[in-house]
Amino acid sequence: KANCTSVLNAIDKDGNGTLNSNELALFAINGIEMAAEDRKLYRTRGKMQTVMCDAFEAIEKELKELNLADIKITEYGTLIATVPGKIKGEAICFLAHVDTAPQFNAANVKPRIIKNYDGSDIKFPDNDNLILSPNEFSYLGEKIGHDIITASGKTLLGADDKAGIAIIMTAISFIVSKLDQNHSEIRIAFTTDEEIGRGVHKDLPNDLSVKFAYTFDGGKVGEIDNETFSADSAEVIIKGVSIHPGEAKNEMVNATHLA
């Protein structure tokens, strides 16, 4: 997991950071407003993979406008594209997931930008009972002077992981616009179903064909996690022993208590 500021600083060698920040915020706003519940099903090996088709279509359009190569949605529902390399070297990949947490509404999001945050409590226009306070979230107190994007109080913001999408698209736009900047091949992948632990298909590593990949999904400025996360599930069936109550002593087993 890496943070947008460190990435933009790394590629913005000519100091044009303000423009990039504005582009980043604009893409984040546009991305957050994308429908999060309009889904399309992809069938692969007898299983169904859900894809947020509105979001994918919007991102795919942007990728085509940037003249990227090998743009496709795989049969297992991942959007992949390539920034051709200008020099020989190891290819790298940037990843982000398009879906948002299913536990809370993420449709009809009304994002807003709080300019030059002053460190006070943040209130929400559509929910008087909701307060975002640096007293409760100390990390917020580190962002005095920054511009902060929030939702209106009735929905998720969806920044997990539309912020990652915005970071990647802004960075790629910058790299593509710098015709004199040398770089090796860059692969891009946008996955779905990360929030339910099914976001990465086993064919994805081969389809990307890279040794190094970076997921943009949270973290502090300059922070990189080299760990991996696995969300596994298991189904356990427990059968009790049913017997007439008159003969149950030392014989009957309650399946719920056993579990």
Side-chain angles (χ1 to χ4, degrees), residues 1-31 34 55-74 76-98 159-192 194 199-201 203-229:
K1 299 180 180 181
N3 183 280
C4 60
T5 306
S6 58
V7 173
L8 292 178
N9 286 343
I11 65 174
D12 189 8
K13 296 181 184 296
D14 62 0
N16 193 17
T18 303
L19 176 61
N20 282 329
S21 298
N22 291 336
E23 290 176 354
L24 178 63
L26 178 62
F27 197 95
I29 290 293
N30 291 338
M34 292 187 296
F56 265 19
E57 288 173 2
I59 297 170
E60 185 179 34
K61 180 176 180 292
E62 293 274 351
L63 294 173
K64 290 179 178 178
E65 291 175 354
L66 291 171
N67 295 316
L68 268 60
D70 306 324
I71 303 171
K72 67 175 182 178
I73 299 177
T74 67
Y76 49 85
T78 293
L79 177 57
I80 295 176
T82 301
V83 181
K86 297 181 180 179
I87 58 173
K88 291 183 178 181
E90 289 284 358
I92 63 171
C93 179
F94 298 154
L95 299 100
H97 66 90
V98 182
D160 179 9
D161 187 25
K162 292 176 183 177
I165 298 171
I167 293 164
I168 291 173
M169 294 298 292
T170 306
I172 293 303
S173 176
F174 180 89
I175 292 171
V176 170
S177 69
K178 298 298 180 182
L179 300 178
D180 59 343
Q181 189 175 49
N182 290 326
H183 59 82
S184 58
E185 182 177 278
I186 301 171
R187 300 279 277 160
I188 301 168
F190 297 114
T191 67
T192 59
E194 187 268 358
V200 178
H201 191 274
D203 289 344
L204 183 59
N206 287 335
D207 288 341
L208 293 178
S209 298
V210 297
K211 293 181 179 178
F212 306 99
Y214 299 86
T215 297
F216 291 78
D217 192 353
K220 292 187 176 182
V221 174
E223 180 181 84
I224 298 178
D225 292 339
N226 62 354
E227 300 167 320
T228 186
F229 172 76

Quick one: are [X] and [Y] in side-chain contact, heavy atoms under 4.5 Å?
X: V176; Y: N67; result: no
X: F190; Y: M169; result: yes
X: D217; Y: D160; result: yes
X: H201; Y: T78; result: no
X: L63; Y: I59; result: yes
X: I71; Y: L79; result: yes

Exercise. Of the non-hydrogen atoms in K178 and K86, which two are nearest, and what is the gap between them?
Worked result: O-NZ, 3.3 Å

For this session: Could you tell me which non-hydrogen atom of I165 sits nearest to which non-hydrogen atom of A96, and how far apart they are?
Result: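 Heavy atoms only, the tightest pair is N-CB, 3.8 Å.
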
Exercise. Can you list the residues that meet the salt bridge (charged side-chain N to carboxylate O under 4.0 Å, His left out) rule with K72, with sequence neighbours excluded?
Worked result: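 In terms of salt bridge (charged side-chain N to carboxylate O under 4.0 Å, His left out), with neighbours along the sequence ignored, K72 is linked to no residue.
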
For this session: Could you list the residues that satisfy salt bridge (charged side-chain N to carboxylate O under 4.0 Å, His left out) with K88, not counting sequence neighbours?
Result: none

State the [atom1]-[atom2] distance between [X] and [Y], to the nearest 0.5 angstrom.
X: N226; Y: Y214; atom1: CG; atom2: OH; result: 10.5 Å
X: F216; Y: L95; atom1: CZ; atom2: CG; result: 9.0 Å
X: T170; Y: I175; atom1: OG1; atom2: CD1; result: 11.0 Å
X: E185; Y: I92; atom1: CD; atom2: CD1; result: 10.5 Å
X: L204; Y: T191; atom1: CG; atom2: OG1; result: 7.5 Å
X: L208; Y: I188; atom1: CG; atom2: CD1; result: 11.0 Å

For this session: Would you confirm whether S184, through its side chain, and E90, through its main-chain N or O, come within 3.5 Å as a donor-acceptor pair?
Result: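 Checked: pair present.
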
For this session: Show your reasoning for whether side-chain contact (heavy atoms from CB on, under 4.5 Å) applies to R187 and D70.
Result: CA-CA 9 Å; R187 300 279 277 160; D70 306 324; 4.2 Å; yes

Exercise. Quick one: side chain to side chain contact (heavy atoms under 4.5 Å, CB included) partners of D207, sequence neighbours excluded?
Worked result: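 With neighbours one apart ignored, the set is T74, Y76, I80, D203.
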
Problem set entry | N-O pairing of K61 and E57 below 4.0 Å |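 Here K61 does not pair with E57 in a salt bridge, since their nearest N and O are not under 4.0 Å apart.
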
